[in-house]
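These notes are about the structure you will find just below.
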Amino acid sequence: MKAVMLRLRNGWPMPLALQGVFEILQSVVFCLALIMLPLVAVYFSGGFLEDSFNIILQFAGFAWLLIHGVPVELLNLGPEADPASVSGWVTLIPLGLSLLPFLFCLRAGRRIARASYTDQLWQGLLGAFIAYGGIGAAVGSLSNNSYGRVNVLAATLIPLVIAALGLIIGARREAGSWARLFGVDMAAYIQRISPHRRWAGSYVWHVIVAGFLGYVAAVGISGLLLTINLGLHWTEVANVYQEPRPGPIGSAALTLVQLSLIPNAVFWVLSWISGGGFTLGTGSTLSTLETTVGPLPSIPMLASLPTGEMSHQWLFLLLPVAAGIMAGWYFLRGGENHLEDWFARRIPFNMLSLGLSTACLSLFTGIVAGCPEPDWLVAGLRLAGYWPAGRPWPQPLAHRRRPGLASWRGHCHRLPDCSAI
(Lines give C-alpha, C1' and ligand atoms only; values in the text may rest on other atoms or scores of the structure.)
Protein backbone atom coordinates (compact mmCIF):
# COMPACT_ATOMS: atom_id res chain seq x y z
CA MET A 1 0.00 0.00 0.00
CA LYS A 2 2.85 2.32 0.83
CA ALA A 3 4.44 1.65 -2.56
CA VAL A 4 1.14 2.42 -4.31
CA MET A 5 0.74 5.71 -2.46
CA LEU A 6 4.34 6.64 -3.25
CA ARG A 7 3.75 5.93 -6.94
CA LEU A 8 0.54 7.99 -6.95
CA ARG A 9 2.34 10.89 -5.30
CA ASN A 10 5.42 10.84 -7.57
CA GLY A 11 3.61 9.89 -10.75
CA TRP A 12 4.65 7.57 -13.55
CA PRO A 13 7.65 8.29 -15.77
CA MET A 14 6.88 9.41 -19.31
CA PRO A 15 7.41 6.61 -21.87
CA LEU A 16 10.51 7.23 -23.94
CA ALA A 17 8.59 6.99 -27.21
CA LEU A 18 6.21 9.72 -26.01
CA GLN A 19 9.12 11.85 -24.87
CA GLY A 20 10.67 11.49 -28.32
CA VAL A 21 7.40 12.71 -29.85
CA PHE A 22 7.31 15.65 -27.45
CA GLU A 23 10.93 16.66 -28.19
CA ILE A 24 10.54 16.47 -31.96
CA LEU A 25 7.26 18.41 -31.76
CA GLN A 26 9.11 21.22 -30.00
CA SER A 27 11.68 21.22 -32.80
CA VAL A 28 9.01 21.54 -35.48
CA VAL A 29 7.20 24.34 -33.64
CA PHE A 30 10.40 26.35 -33.14
CA CYS A 31 11.46 25.88 -36.77
CA LEU A 32 8.06 26.85 -38.17
CA ALA A 33 7.96 29.92 -35.92
CA LEU A 34 11.30 31.15 -37.26
CA ILE A 35 10.13 30.58 -40.85
CA MET A 36 6.82 32.37 -40.28
CA LEU A 37 8.34 35.52 -38.72
CA PRO A 38 9.60 37.14 -41.97
CA LEU A 39 6.50 36.05 -43.91
CA VAL A 40 4.17 37.53 -41.30
CA ALA A 41 6.25 40.74 -41.21
CA VAL A 42 5.98 41.13 -44.99
CA TYR A 43 2.26 40.33 -44.84
CA PHE A 44 1.46 43.03 -42.26
CA SER A 45 3.62 45.54 -44.14
CA GLY A 46 1.39 45.09 -47.19
CA GLY A 47 3.94 43.19 -49.21
CA PHE A 48 1.60 40.41 -50.39
CA LEU A 49 -1.35 41.04 -52.65
CA GLU A 50 -2.97 37.97 -51.11
CA ASP A 51 -5.26 39.12 -48.26
CA SER A 52 -5.91 35.74 -46.65
CA PHE A 53 -3.66 35.03 -43.67
CA ASN A 54 -4.32 31.31 -44.11
CA ILE A 55 -2.52 31.44 -47.47
CA ILE A 56 0.54 32.98 -45.76
CA LEU A 57 0.52 30.15 -43.22
CA GLN A 58 0.38 27.67 -46.10
CA PHE A 59 3.35 29.44 -47.72
CA ALA A 60 5.21 28.90 -44.44
CA GLY A 61 4.36 25.21 -44.69
CA PHE A 62 5.72 25.12 -48.24
CA ALA A 63 8.90 26.84 -47.05
CA TRP A 64 9.30 24.30 -44.23
CA LEU A 65 8.95 21.43 -46.68
CA LEU A 66 11.25 23.09 -49.23
CA ILE A 67 14.14 23.47 -46.76
CA HIS A 68 13.84 19.73 -46.14
CA GLY A 69 14.23 19.05 -49.86
CA VAL A 70 10.58 18.41 -50.75
CA PRO A 71 9.82 19.77 -54.26
CA VAL A 72 6.82 22.11 -54.51
CA GLU A 73 4.66 22.27 -57.63
CA LEU A 74 3.52 25.81 -58.48
CA LEU A 75 0.09 26.06 -60.11
CA ASN A 76 -1.69 28.63 -62.30
CA LEU A 77 1.43 30.17 -63.79
CA GLY A 78 -0.05 30.73 -67.24
CA PRO A 79 -1.49 33.93 -68.76
CA GLU A 80 -4.62 35.52 -67.37
CA ALA A 81 -6.76 33.95 -70.08
CA ASP A 82 -5.76 30.42 -69.03
CA PRO A 83 -3.60 30.43 -65.85
CA ALA A 84 -4.02 26.68 -65.30
CA SER A 85 -2.23 25.91 -68.57
CA VAL A 86 1.24 26.36 -67.06
CA SER A 87 2.72 24.91 -63.88
CA GLY A 88 6.25 24.42 -62.63
CA TRP A 89 8.41 22.98 -59.87
CA VAL A 90 10.50 24.62 -57.18
CA THR A 91 13.33 22.31 -56.12
CA LEU A 92 16.02 24.83 -55.19
CA ILE A 93 16.84 23.92 -51.57
CA PRO A 94 18.13 26.88 -49.50
CA LEU A 95 20.81 24.98 -47.65
CA GLY A 96 21.35 27.79 -45.16
CA LEU A 97 17.78 27.43 -43.89
CA SER A 98 18.13 23.63 -43.94
CA LEU A 99 20.41 24.03 -40.93
CA LEU A 100 17.41 25.13 -38.83
CA PRO A 101 15.59 21.76 -38.69
CA PHE A 102 18.92 19.95 -38.45
CA LEU A 103 20.01 21.94 -35.39
CA PHE A 104 16.63 21.56 -33.70
CA CYS A 105 16.64 17.81 -34.37
CA LEU A 106 20.20 17.64 -33.02
CA ARG A 107 18.94 19.29 -29.82
CA ALA A 108 16.08 16.78 -29.63
CA GLY A 109 18.49 13.86 -30.09
CA ARG A 110 20.66 15.09 -27.22
CA ARG A 111 17.68 15.47 -24.90
CA ILE A 112 16.34 12.02 -25.79
CA ALA A 113 19.75 10.42 -25.16
CA ARG A 114 20.01 12.25 -21.84
CA ALA A 115 16.75 10.65 -20.68
CA SER A 116 17.50 7.12 -21.93
CA TYR A 117 19.53 4.13 -20.95
CA THR A 118 21.72 2.49 -23.59
CA ASP A 119 19.31 -0.37 -24.30
CA GLN A 120 16.27 1.95 -24.39
CA LEU A 121 17.49 4.75 -26.64
CA TRP A 122 15.90 3.28 -29.73
CA GLN A 123 12.43 3.81 -28.24
CA GLY A 124 12.78 7.58 -28.01
CA LEU A 125 14.48 7.87 -31.40
CA LEU A 126 11.86 5.70 -33.08
CA GLY A 127 9.02 7.73 -31.58
CA ALA A 128 10.61 10.98 -32.73
CA PHE A 129 11.29 9.55 -36.19
CA ILE A 130 7.71 8.37 -36.72
CA ALA A 131 6.29 11.62 -35.36
CA TYR A 132 8.43 13.69 -37.73
CA GLY A 133 7.15 11.73 -40.71
CA GLY A 134 3.57 12.23 -39.54
CA ILE A 135 4.14 15.96 -39.08
CA GLY A 136 5.58 16.18 -42.60
CA ALA A 137 2.50 14.45 -44.00
CA ALA A 138 0.20 16.78 -42.06
CA VAL A 139 2.05 19.92 -43.19
CA GLY A 140 1.99 18.69 -46.79
CA SER A 141 -1.74 18.02 -46.67
CA LEU A 142 -2.64 21.32 -45.02
CA SER A 143 -0.38 23.45 -47.24
CA ASN A 144 -1.85 22.44 -50.59
CA ASN A 145 -3.85 25.28 -52.15
CA SER A 146 -4.53 26.95 -55.48
CA TYR A 147 -0.98 28.36 -55.65
CA GLY A 148 0.95 25.16 -55.10
CA ARG A 149 0.90 21.58 -53.92
CA VAL A 150 3.23 18.85 -52.75
CA ASN A 151 3.11 15.10 -52.87
CA VAL A 152 2.08 13.87 -49.41
CA LEU A 153 4.27 10.77 -49.62
CA ALA A 154 7.28 12.91 -50.49
CA ALA A 155 6.42 15.27 -47.63
CA THR A 156 6.42 12.25 -45.33
CA LEU A 157 9.66 10.58 -46.43
CA ILE A 158 12.10 13.31 -47.48
CA PRO A 159 12.12 15.33 -44.21
CA LEU A 160 13.12 12.13 -42.39
CA VAL A 161 16.64 12.43 -43.85
CA ILE A 162 17.43 15.63 -41.93
CA ALA A 163 15.55 14.36 -38.88
CA ALA A 164 17.51 11.10 -38.78
CA LEU A 165 20.86 12.87 -39.18
CA GLY A 166 20.06 15.39 -36.46
CA LEU A 167 18.70 12.84 -33.99
CA ILE A 168 21.56 10.35 -34.39
CA ILE A 169 24.32 12.98 -34.32
CA GLY A 170 22.74 14.68 -31.30
CA ALA A 171 22.42 11.38 -29.43
CA ARG A 172 26.03 10.53 -30.31
CA ARG A 173 27.28 13.89 -28.99
CA GLU A 174 25.42 13.39 -25.73
CA ALA A 175 26.57 9.76 -25.31
CA GLY A 176 30.20 10.62 -26.07
CA SER A 177 30.90 7.37 -27.94
CA TRP A 178 29.19 4.86 -30.18
CA ALA A 179 29.72 2.17 -27.52
CA ARG A 180 27.59 4.06 -25.00
CA LEU A 181 25.07 4.91 -27.70
CA PHE A 182 24.40 1.39 -29.00
CA GLY A 183 26.06 -0.78 -26.35
CA VAL A 184 28.74 -2.13 -28.73
CA ASP A 185 32.36 -2.00 -27.54
CA MET A 186 34.22 -1.37 -30.77
CA ALA A 187 37.65 -1.67 -29.16
CA ALA A 188 36.87 -5.16 -27.88
CA TYR A 189 35.40 -6.13 -31.24
CA ILE A 190 38.52 -4.98 -33.10
CA GLN A 191 40.71 -6.99 -30.74
CA ARG A 192 38.79 -10.15 -31.61
CA ILE A 193 39.19 -9.95 -35.39
CA SER A 194 42.26 -11.11 -37.33
CA PRO A 195 45.23 -8.77 -38.03
CA HIS A 196 44.54 -8.81 -41.78
CA ARG A 197 40.99 -7.59 -41.24
CA ARG A 198 42.24 -4.92 -38.84
CA TRP A 199 44.74 -3.69 -41.43
CA ALA A 200 42.07 -3.66 -44.13
CA GLY A 201 39.67 -1.80 -41.83
CA SER A 202 42.37 0.71 -40.92
CA TYR A 203 43.11 1.33 -44.61
CA VAL A 204 39.42 1.81 -45.48
CA TRP A 205 38.86 4.13 -42.53
CA HIS A 206 41.81 6.37 -43.37
CA VAL A 207 40.76 6.47 -47.03
CA ILE A 208 37.30 7.62 -45.95
CA VAL A 209 38.72 10.29 -43.64
CA ALA A 210 41.22 11.47 -46.28
CA GLY A 211 38.50 11.72 -48.95
CA PHE A 212 36.19 13.61 -46.62
CA LEU A 213 39.02 15.95 -45.62
CA GLY A 214 39.74 16.62 -49.28
CA TYR A 215 36.07 17.41 -49.87
CA VAL A 216 35.96 19.77 -46.89
CA ALA A 217 39.13 21.49 -48.14
CA ALA A 218 37.57 21.93 -51.61
CA VAL A 219 34.43 23.43 -50.06
CA GLY A 220 36.59 25.77 -47.95
CA ILE A 221 38.52 26.92 -51.02
CA SER A 222 35.21 27.54 -52.81
CA GLY A 223 33.90 29.59 -49.89
CA LEU A 224 37.07 31.70 -49.85
CA LEU A 225 36.82 32.25 -53.60
CA LEU A 226 33.14 33.25 -53.27
CA THR A 227 34.02 35.78 -50.55
CA ILE A 228 36.76 37.33 -52.68
CA ASN A 229 34.47 37.51 -55.71
CA LEU A 230 31.68 39.21 -53.73
CA GLY A 231 34.18 41.74 -52.39
CA LEU A 232 35.47 42.54 -55.88
CA HIS A 233 31.93 43.02 -57.24
CA TRP A 234 30.40 44.66 -54.18
CA THR A 235 29.54 47.85 -56.12
CA GLU A 236 27.41 45.91 -58.61
CA VAL A 237 25.76 43.97 -55.77
CA ALA A 238 24.90 47.20 -53.91
CA ASN A 239 23.44 48.76 -57.07
CA VAL A 240 21.12 45.79 -57.63
CA TYR A 241 20.11 45.96 -53.96
CA GLN A 242 18.80 49.50 -54.37
CA GLU A 243 16.98 49.02 -57.69
CA PRO A 244 13.78 47.31 -56.38
CA ARG A 245 13.36 49.82 -53.47
CA PRO A 246 11.79 47.12 -51.28
CA GLY A 247 11.73 49.10 -48.03
CA PRO A 248 13.18 48.00 -44.68
CA ILE A 249 11.11 44.84 -44.24
CA GLY A 250 11.51 43.81 -47.87
CA SER A 251 15.27 44.44 -47.65
CA ALA A 252 15.49 42.29 -44.53
CA ALA A 253 13.54 39.49 -46.25
CA LEU A 254 15.73 39.72 -49.36
CA THR A 255 18.86 39.61 -47.21
CA LEU A 256 17.56 36.54 -45.38
CA VAL A 257 16.89 34.78 -48.69
CA GLN A 258 20.41 35.54 -49.90
CA LEU A 259 22.00 34.38 -46.64
CA SER A 260 20.09 31.10 -46.96
CA LEU A 261 21.49 30.65 -50.49
CA ILE A 262 25.14 31.28 -49.59
CA PRO A 263 25.85 27.54 -49.04
CA ASN A 264 24.28 26.87 -52.46
CA ALA A 265 26.56 29.50 -53.97
CA VAL A 266 29.58 27.83 -52.36
CA PHE A 267 28.69 24.53 -54.03
CA TRP A 268 28.13 26.33 -57.34
CA VAL A 269 31.64 27.76 -57.05
CA LEU A 270 32.92 24.26 -56.27
CA SER A 271 31.29 23.00 -59.45
CA TRP A 272 32.78 25.94 -61.35
CA ILE A 273 36.38 25.33 -60.24
CA SER A 274 36.01 21.58 -60.80
CA GLY A 275 35.27 22.16 -64.49
CA GLY A 276 31.68 20.93 -64.48
CA GLY A 277 30.14 24.36 -64.06
CA PHE A 278 26.54 25.20 -63.22
CA THR A 279 23.42 26.57 -64.88
CA LEU A 280 21.01 29.22 -63.60
CA GLY A 281 17.56 29.19 -65.14
CA THR A 282 17.68 29.13 -68.93
CA GLY A 283 20.45 30.67 -70.96
CA SER A 284 23.02 31.09 -68.17
CA THR A 285 25.82 28.52 -68.17
CA LEU A 286 28.98 29.18 -66.22
CA SER A 287 32.15 27.10 -66.07
CA THR A 288 35.87 27.65 -66.28
CA LEU A 289 35.74 26.56 -69.93
CA GLU A 290 32.60 28.43 -71.07
CA THR A 291 30.65 31.37 -69.64
CA THR A 292 27.27 32.48 -70.99
CA VAL A 293 25.10 34.72 -68.81
CA GLY A 294 21.50 35.24 -69.91
CA PRO A 295 18.57 37.09 -68.29
CA LEU A 296 18.55 36.65 -64.51
CA PRO A 297 16.24 37.82 -61.71
CA SER A 298 17.21 40.92 -59.72
CA ILE A 299 18.91 39.04 -56.91
CA PRO A 300 21.88 41.14 -55.74
CA MET A 301 24.18 38.18 -55.20
CA LEU A 302 23.89 37.22 -58.87
CA ALA A 303 25.51 40.52 -59.87
CA SER A 304 28.88 39.03 -58.92
CA LEU A 305 28.73 36.33 -61.61
CA PRO A 306 31.78 36.40 -63.88
CA THR A 307 31.16 37.89 -67.30
CA GLY A 308 33.26 38.70 -70.33
CA GLU A 309 36.22 36.87 -71.77
CA MET A 310 38.73 35.50 -69.29
CA SER A 311 41.49 33.62 -71.04
CA HIS A 312 43.05 32.36 -67.81
CA GLN A 313 39.94 30.88 -66.18
CA TRP A 314 41.30 27.37 -66.69
CA LEU A 315 43.89 28.08 -63.98
CA PHE A 316 41.10 27.79 -61.39
CA LEU A 317 41.00 24.07 -62.22
CA LEU A 318 44.21 23.78 -60.20
CA LEU A 319 42.46 24.75 -56.96
CA PRO A 320 40.87 21.31 -56.34
CA VAL A 321 44.35 19.85 -56.74
CA ALA A 322 45.29 21.63 -53.49
CA ALA A 323 42.43 19.80 -51.75
CA GLY A 324 43.76 16.50 -53.11
CA ILE A 325 47.23 17.35 -51.79
CA MET A 326 45.74 17.91 -48.33
CA ALA A 327 43.94 14.55 -48.49
CA GLY A 328 47.17 12.78 -49.46
CA TRP A 329 49.09 14.61 -46.74
CA TYR A 330 46.63 13.40 -44.11
CA PHE A 331 46.73 9.82 -45.37
CA LEU A 332 50.52 9.66 -45.22
CA ARG A 333 50.57 11.17 -41.73
CA GLY A 334 47.66 9.33 -40.16
CA GLY A 335 47.39 6.05 -42.04
CA GLU A 336 49.42 3.27 -43.58
CA ASN A 337 49.17 2.20 -47.19
CA HIS A 338 48.55 -1.49 -46.55
CA LEU A 339 47.42 -1.89 -50.16
CA GLU A 340 50.97 -1.07 -51.25
CA ASP A 341 52.27 -3.96 -49.11
CA TRP A 342 49.66 -6.24 -50.67
CA PHE A 343 50.76 -5.26 -54.20
CA ALA A 344 54.46 -5.53 -53.28
CA ARG A 345 54.07 -9.17 -52.20
CA ARG A 346 52.46 -10.07 -55.52
CA ILE A 347 54.32 -7.85 -58.02
CA PRO A 348 58.14 -8.10 -58.06
CA PHE A 349 58.63 -4.66 -59.67
CA ASN A 350 58.61 -1.97 -56.98
CA MET A 351 57.78 0.93 -59.28
CA LEU A 352 54.82 -0.94 -60.76
CA SER A 353 53.43 -1.97 -57.37
CA LEU A 354 53.89 1.54 -56.02
CA GLY A 355 52.16 3.05 -59.05
CA LEU A 356 49.21 0.66 -58.82
CA SER A 357 48.73 1.21 -55.10
CA THR A 358 48.93 4.98 -55.53
CA ALA A 359 46.45 4.91 -58.43
CA CYS A 360 44.02 2.81 -56.37
CA LEU A 361 44.43 5.16 -53.41
CA SER A 362 43.67 8.16 -55.65
CA LEU A 363 40.62 6.41 -57.09
CA PHE A 364 39.23 5.38 -53.69
CA THR A 365 39.83 8.82 -52.20
CA GLY A 366 38.17 10.50 -55.19
CA ILE A 367 35.11 8.26 -54.86
CA VAL A 368 34.81 9.11 -51.17
CA ALA A 369 35.25 12.83 -51.90
CA GLY A 370 32.35 12.62 -54.38
CA CYS A 371 30.01 10.81 -51.98
CA PRO A 372 28.94 13.94 -50.00
CA GLU A 373 27.22 15.15 -53.19
CA PRO A 374 23.56 14.91 -52.05
CA ASP A 375 21.96 14.72 -55.51
CA TRP A 376 21.81 10.92 -55.63
CA LEU A 377 20.18 10.73 -52.20
CA VAL A 378 17.63 13.44 -52.89
CA ALA A 379 16.86 11.91 -56.29
CA GLY A 380 16.24 8.52 -54.69
CA LEU A 381 13.90 9.96 -52.08
CA ARG A 382 12.06 12.00 -54.68
CA LEU A 383 11.64 8.90 -56.79
CA ALA A 384 10.17 7.13 -53.76
CA GLY A 385 7.81 10.03 -53.22
CA TYR A 386 6.69 10.60 -56.80
CA TRP A 387 6.74 7.25 -58.51
CA PRO A 388 3.71 5.74 -56.72
CA ALA A 389 1.63 8.82 -57.49
CA GLY A 390 2.62 8.92 -61.15
CA ARG A 391 3.93 12.47 -60.91
CA PRO A 392 6.19 13.88 -63.63
CA TRP A 393 9.83 14.33 -62.72
CA PRO A 394 10.36 17.88 -61.34
CA GLN A 395 12.84 20.28 -62.91
CA PRO A 396 14.93 22.41 -60.53
CA LEU A 397 15.40 26.16 -60.67
CA ALA A 398 19.19 26.04 -60.54
CA HIS A 399 21.59 23.18 -60.74
CA ARG A 400 25.19 22.15 -60.70
CA ARG A 401 26.85 20.24 -63.45
CA ARG A 402 29.65 17.91 -62.49
CA PRO A 403 31.70 15.51 -64.55
CA GLY A 404 30.03 12.12 -64.43
CA LEU A 405 26.65 13.44 -63.23
CA ALA A 406 23.61 14.02 -65.40
CA SER A 407 23.04 17.64 -66.32
CA TRP A 408 20.05 19.36 -64.77
CA ARG A 409 18.00 21.96 -66.57
CA GLY A 410 16.28 24.75 -64.67
CA HIS A 411 13.39 27.09 -65.23
CA CYS A 412 12.33 30.27 -63.47
CA HIS A 413 8.63 30.68 -62.79
CA ARG A 414 6.46 33.55 -61.64
CA LEU A 415 5.60 33.42 -57.96
CA PRO A 416 2.50 35.05 -56.44
CA ASP A 417 2.91 38.86 -56.50
CA CYS A 418 4.91 40.28 -53.61
CA SER A 419 5.58 43.98 -53.91
CA ALA A 420 7.78 44.29 -50.81
CA ILE A 421 10.34 41.82 -52.06
- Closest heavy-atom pair, Ile67 versus Ile93, reported as atoms and distance to 0.1 Å, is O-CG2, 3.9 Å
- Item | Which atom of Met36 lies closest to which atom of Ala60, heavy atoms considered | CG-CB, 3.5 Å
- Query: How long is the gap from CD1 on Ile35 to CG on Leu97, to the nearest 0.5 Å?
  - Reply: 7.0 Å
- Task: List the atom of Ala108, the atom of Ile24, and the distance in Å for their closest heavy-atom pair.
- Result: CB-CD1, 4.3 Å
- Taken to the nearest 0.5 Å, the spacing of Leu270 CG from Ile221 CD1 works out to 9.5 Å
- Query: Taking side chain as C-beta onward, heavy atoms only, is Leu226 less than 4.5 Å from Trp268?
  - Reply: no
- Item | Shortest non-hydrogen contact from Val257 toward Ser260 | O-OG, 2.5 Å
- Task: Mind listing the closest non-hydrogen atom pair of Gly20 and Ala128 along with its distance?
- Result: O-CB, 3.4 Å
- Query: Is a side-chain donor or acceptor of Gln258 paired with a backbone partner of Met301 at a separation under 3.5 angstrom?
  - Reply: yes
- Taking every heavy atom of Val266 against every heavy atom of Val219, the minimum-distance pair comes out as CG1-O, 3.7 Å
- Task: Test side chain to side chain contact (heavy atoms under 4.5 Å, CB included) on Leu16 and Ile112 and set out the steps.
- Result: CA-CA 8 Å; Leu16 287 177; Ile112 293 172; 5.9 Å; no
- Side-chain heavy-atom pair Pro71, Ile158 within 4.5 angstrom cut-off: yes
- Query: Counting N and O atoms only, with roles assigned by atom type, does the side chain of Asn229 sit under 3.5 Å from a partner on the main chain of Ser304, one being a donor and the other an acceptor?
  - Reply: yes
- Message: Between Glu23 and Arg107, does the side chain to side chain contact (heavy atoms under 4.5 Å, CB included) criterion hold? Intermediate values first, please.
- Response: CA-CA 9 Å; Glu23 295 294 344; Arg107 170 185 175 273; 4.2 Å; yes
- Item | Student check: side-chain heavy atoms of Leu259 and Ile262 closer than 4.5 Å | yes
- Roughly how far, to the nearest 0.5 Å, is the CD1 atom of Ile273 from the CG atom of Leu315? 13.0 Å
- Query: What pairs with Gln123 under side chain to side chain donor-acceptor pair (under 3.5 Å), at least two apart in sequence or on another chain?
  - Reply: none
- Qualifying residues under salt bridge (Lys or Arg N to Asp or Glu O under 4.0 Å), relative to Arg173, sequence neighbours excluded: none
- Rounded to the nearest 0.5 Å, what separation is found between the CG atom of Leu261 and the CG atom of Leu256? 9.5 Å
- Message: I'd like to know whether Trp122 forms a side chain to side chain contact (heavy atoms under 4.5 Å, CB included) with Phe129, so could you lay out the CA-CA distance, the side-chain angles of the two residues, the decisive distance to 0.1 Å, and finally the verdict.
- Response: CA-CA 10 Å; Trp122 65 272; Phe129 194 73; over 6 Å; no
- Query: When rounded to the nearest 0.5 angstrom, what is the spacing between OG in Ser98 and CD1 in Ile162?
  - Reply: 4.5 Å
- Message: Could you tell me if the side chain of Phe62 sits less than 4.5 Å from the side chain of Val90, heavy atoms only?
- Response: no
- Message: Tell me whether the rings of His68 and Tyr132 are parallel (<30°), tilted (30 to 60°) or perpendicular (>60°).
- Response: tilted
- How many angstroms lie between atom CZ of Arg172 and atom CG of Leu167, to the nearest 0.5 angstrom? 15.5 Å
- Message: For Trp64 and Ser143: C-alpha separation, side-chain torsions, deciding distance, then whether side chain to side chain contact (heavy atoms under 4.5 Å, CB included) applies.
- Response: CA-CA 10 Å; Trp64 185 83; Ser143 298; over 6 Å; no
- Identify, with sequence neighbours excluded, every residue that meets ring pair (Phe, Tyr, Trp, His ring centres under 6.0 Å) alongside Phe104. Phe30
